[in-house]
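Note on naming: letters A, B, ... go to the chains in the order of the sequence lines (proteins, then strands), and numbering restarts at 1 for each one. Note that these values count all heavy atoms, side chains included, but never hydrogens, waters or copies made by symmetry. Since this is a predicted model, take the numbers as computed values, not measurements.
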Number of protein chains: 2
Amino acid sequence: MIENVNILPNTSTEEKIKETARRMFTKKGYAATKTRDIADESGINIALLNYYFRSKENLYELIMIENMQLFIHSIIEILNNKNTTFREKIEILISHYIDMLIKNPDLPMFVFNEINANPQNLIEKLGVNKQILNTYMLQQWQEYLNENKIIIVNPMHLFMNTISLTIFPFAASPMIKNRTGFSTEKFNDLMQERKKLIPEWIFMMIKSQNF
Amino acid sequence: MIENVNILPNTSTEEKIKETARRMFTKKGYAATKTRDIADESGINIALLNYYFRSKENLYELIMIENMQLFIHSIIEILNNKNTTFREKIEILISHYIDMLIKNPDLPMFVFNEINANPQNLIEKLGVNKQILNTYMLQQWQEYLNENKIIIVNPMHLFMNTISLTIFPFAASPMIKNRTGFSTEKFNDLMQERKKLIPEWIFMMIKSQNF
DNA sequence: AATTGATTTAAACAGATTTTTAAAAAATAT
DNA sequence: ATATTTTTTAAAAATCTGTTTAAATCAATT
């Protein structure tokens, strides 16, 4: 009986707790989320949280790792795809992130809070750190620069700009919505528009060579 | 005697507690900051926190409001200055924010966490909400568009881009430092460079009319 | 129907955390 | 110097929070 409990994803108590915990931890962080609140929101007895997950910390780590993996999921494959150009990769990456963030708008704040709290501890344990440095995309980047006779003094700005333009609006969405009165739908439409716009802006920057 | 307690800023017990609280609340948030830790770090008895500030929540609200005001401080004056052009205002705003964020690098995460937690509650109480909509800068913006025959379909993107490019790198700084090995000094140099770069990028975007 | 094991519950526990109290110490005023 | 007020302290009280316990319920198996 114990064997097949986790074979199919069910709407079991265990799953209910985990989903509520994911929502609350992601939204409010570890310290502000109380085990009693998770239990209340899932409609289960407090003891069941410890019965299924042993401890609050255990449950949090589970969610945390899943959130982190969601955040960096499938980047490596995109970066190493031999069938897409440099520009296409940028476009695909941005589009991929915008889709993911529309589905998980609280993820940016969670991830950056977590990185802030754990300077490098767990980021390195996720094992993506050094993989990124040797991707096919980096090769294409060099080729792109050579072909177009572009000299970039500090590519760090480009990297920052890309993630800033893509991710930051989601972190700031409560402020933006509050200031403009936009609904979530209208905000998401705006983000959809950015799939096209951000790559155009980024390549404008590259060509301007302002670094 | 009660009267002049707050007249001159002293290194009194009250001030010590407040400064430690500011640092810890800003870095770790309300729930993760324990009154004992504040007391220990300030080298004072725990009871003194309640003696001077009545409660943890009270103390937090004090810090929170000051942080929020720091974040939006002097914007209005910049926006309404009749002696600067539209472009100069953008440059001054960005330069102002970068200077402020180099001094207070934890502010972005604090502010956005707070806005996330309190959807609109206190943001409106700060009283800056509607002032911004009727600034001299907005007039200049319209004139700028007319003079240069520019039609911007969605100026929201421009607003988002400006704050994204300026503020986001600070929120992401632990990640950036971890991934690049940059020291705080090197990171700050990068931010200083952006004072010139961001306005150039923004005006490139405006002129491209890609909206 | 009885047995077994898994799940759930209410209650209590233990430790952490915030707040209060009452007395001592220090500073200030008379 | 004495009295008064302010500040500080140690201890306790009150509350909150994560975890455990032991019994009850449920589901499946024999």
Grab the [atom1]-[atom2] distance between [X] and [N] for me, whole Å please.
X: D40(A); N: dT9(C); atom1: CG; atom2: C1'; result: 14 Å
X: D37(B); N: dA16(C); atom1: CG; atom2: P; result: 12 Å
X: N58(A); N: dG18(D); atom1: CG; atom2: C1'; result: 13 Å
X: N50(A); N: dC13(C); atom1: CG; atom2: C1'; result: 13 Å
X: E57(B); N: dT17(C); atom1: CD; atom2: P; result: 17 Å
X: L59(B); N: dT17(C); atom1: CG; atom2: P; result: 17 Å
X: K56(B); N: dT17(C); atom1: NZ; atom2: P; result: 9 Å

Are the ring centres of [X] and [Y] closer than 6.0 Å?
X: Y97(B); Y: F71(B); answer: yes
X: Y144(B); Y: F203(B); answer: yes
X: F168(A); Y: F112(B); answer: yes
X: F170(A); Y: F187(A); answer: yes

Report, one line per pair, each donor and acceptor closer than 3.5 Å where one atom sits in a side chain of residues 153-164 of chain B; sequence neighbours left out.
residue : atom : partner : partner atom : Å
N154(B) : OD1  : M156(B) : N            : 3.2
H157(B) : ND1  : R194(A) : NH1          : 3.0
H157(B) : NE2  : E193(A) : OE1          : 2.8
N161(B) : OD1  : R194(A) : NH1          : 3.0
N161(B) : OD1  : R194(A) : NH2          : 2.7
N161(B) : ND2  : H157(B) : O            : 3.4
T162(B) : OG1  : L158(B) : O            : 2.7
S164(B) : OG   : M160(B) : O            : 2.6

Residues in residues 17-33 of chain B with a heavy atom under 4.0 Å of DNA chain D, by number, are none
Only counting residues at least two apart or in another chain, list the ones meeting side chain to side chain contact (heavy atoms under 4.5 Å, CB included) with [X].
X: T13(B); answer: I17(B), I44(B), L48(B), Y52(B)
X: K195(A); answer: S95(A), I98(A), D99(A), Q192(A)
X: N104(B); answer: L70(B), M100(B), L107(B)

Within the 4.0 Å limit for protein heavy atoms, which parts of nucleotides 8-16 of chain D are touched? Write it as a string from 5' to 3', B for base, S for sugar-phosphate only, - for none.
BBB------
Side-chain donor/acceptor of K89(B) to backbone N/O of T84(B), under 3.5 Å:
yes
With a non-hydrogen cut-off below 4.0 angstrom, is L49(B) in contact with a base, only sugar-phosphate, or nothing?
nothing
Phosphate-side-chain proximity, T35(B) and dT18(C), N/O vs OP1/OP2 below 4.0 Å
yes
